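These notes are about the structure you will find just below.
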Amino acid sequence: MLKIEKLTKKYGKTYALNGLDMEVKKGDIYGFVGPNGAGKTTTLRIISGLLKSDGGDLWLDGVRTTKNILKQKSLIGFVPDFFGVYENLSVIEYLEFFAASYGIYGRAGTVRAREVLEMVELSGKEEQMVDLLSRGIQQRLCLARAMIHKPKLLVLDEPNSGLDPRSRKDFQLLLQRLAREDYTILISSHILSELADLCTSIGVINGGVMVQQGKLENIMLAIDSSNPLRITVLNQVPKALELLRQDPQVSRLSVDENKIAAWFSGSREEEAYLLQKLVDAGILVVSFAREHNSLESLFFHLTGETEQKSRNTETFGNTIG
Ligand SMILES: Nc1ncnc2c1ncn2[C@@H]1O[C@H](COP(=O)(O)OP(=O)(O)OP(=O)(O)O)[C@@H](O)[C@H]1O
């Protein structure tokens with residue numbers, strides 16, 4: 001759905017983006033994470049056609065839109081991280097106003113406004129004044145506005161900021177429903193635990209470059225592979241240790257009564273064979289699992305590792321234009 005190659009953006013002499021590559025597949029809920037100043041907002045604004053890049057290429061739905069800003073804007077619905085001030089407008093007037101800005105006027109504008117209200121579960125709120133709505137409802141209205149011109153990719157910048165936990169959960173469920181209804185969603189956030197529940201893929205940006213991206217489960221698996229297998233047995237601890245020691249892929253063992261930690265470099269399938277070997281030897285294994293990292297630890301692992309490198313490059317001076 002979205003492909004970006006070698007995207008660059010400079011503010012003065014500082015590179016906010018320094019050759020960013022990114023790929024969001026159709027139907028994905030893609031979480032875009034990175035520390036403060038990493039370049040998330042700059043990237044989202046370029047994708048949404050609100051900011052011009054200095055270099056690189058962008059494809060949307062198979063079309064190279066780098067030099068076709070109108071096409072780009074027609075395919076994207078952007079939800080910024082602020083609502084803005086819209087005094088004296090009712091919900092329906094607000095949406096009709098944005099419909100008109102996309103050339104959808106009069107009755108067609110009202111029909112479309114009602115359609116998007118239904119999509120974000122706000123039917124019935126047409127006559128309420130937008131500046132009196134709660135933050136959670138304003139967020140849904142912003143999403144409705146972003147969908148007014150039937151885009152294919154929804155881009156949301158920090159959509160959870162300022163929402164209470166209930167509104168966050170409801171908004172998450174709404175996004176998951178929209179993804180099932182054929183929207184592709186790109187969402188930036190600092191709330192990593194919520195991204196883990198919501199996203200199917202993630203991209204980690206640091207210092208204006210992508211340091212890791214892909215299916216969440218594959219990234220976690222790659223990181224987890226350096227963690228030990230945690231094995232609990234009910235009997236024959238020495239025999240279990242002997243079998244594990246014999247395995248060429250076990251590099252280290254530690255034991256605490258009947259709890260064993262085995263640093264094992266094999267694949268998921270080889271893990272299953274190892275378990276089978278223990279069970280076949282008559283050992284009662286009550287638990288056998290790879291220790292997991294949290295999304296937070298993945299994030300620190302990735303950004304910590306590359307932060308020094310990116311700060312040392314010539315392009316990351318401290319001059320901000
Ligand atoms: N208008 C601007 N003028 C100068 N420098 C800017 C401007 N906008 C962003 N920058 C710089 O570009 C870099 C990337 O900023 P950006 O806002 O894209 O990061 P971010 O990942 O969205 O950060 P945050 O999570 O804090 O919002 C930062 O070093 C920032 O200071």
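Read the numbers this way: they start at 1 and go in the same order the structure lists the ligands and their atoms. Worth saying up front: this structure is predicted, and the values here are computed from it rather than measured.
Not a single N or O atom of Glu158, backbone or side chain, sits closer than 3.5 Å to an N or O atom of ligand 1. Inclusion of Ala38 in the set of residues having an N or O under 3.5 Å from an N or O of ligand 1 is warranted.
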With salt bridge (charged side-chain N to carboxylate O under 4.0 Å, His left out) as the criterion, how do Lys26 and Asp182 come out once you've worked through the C-alpha distance, each side chain's angles and the decisive distance to 0.1 Å? CA-CA 8 Å; Lys26 195 168 185 305; Asp182 227 22; 3.5 Å; yes

The test is side chain to side chain donor-acceptor pair (under 3.5 Å); show your working for Thr8 and Asp54 and say whether it passes. CA-CA 5 Å; Thr8 56; Asp54 294 321; 5.4 Å; no

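Residues in residues 214-256 take part in no ring-ring contact (aromatic ring centres under 6.0 Å, His included) pair, two or more places apart or across chains.
Atom NZ of residue Lys215 and atom OG1 of residue Thr200 lie 4.5 Å apart, to the nearest 0.5 angstrom.
Residue contacts with ligand 1 for Pro35 involve N, CA, C or O but no side-chain atom from C-beta outward (heavy atoms, distance under 4.0 Å).
Note: Phe98 and Tyr94 meet the aromatic proximity criterion, with ring centroids under 6.0 Å apart.
Assignment of Gly208 to the shell around ligand 1 is not supported, since no heavy atom sits closer than 4.0 Å. Contact annotation: Gly39 has at least one heavy atom less than 4.0 Å from an atom of ligand 1.
Listed here is the closest heavy atom pair of Ser189 and Asn160: OG-ND2, 4.4 Å.
Of the candidates Lys9, Lys40, Lys10, Arg45, the one placing a heavy atom closest to atom 20 (P) of ligand 1 is Lys40. Taking each of Phe32, Tyr11, Tyr15 in turn, the one with a heavy atom nearest to atom 10 (N) of ligand 1 proves to be Tyr11.
For ligand 1 and Ala16, the ligand atoms under 4.0 Å from any heavy atom of the residue are 12 (O), 13 (C), 14 (C).
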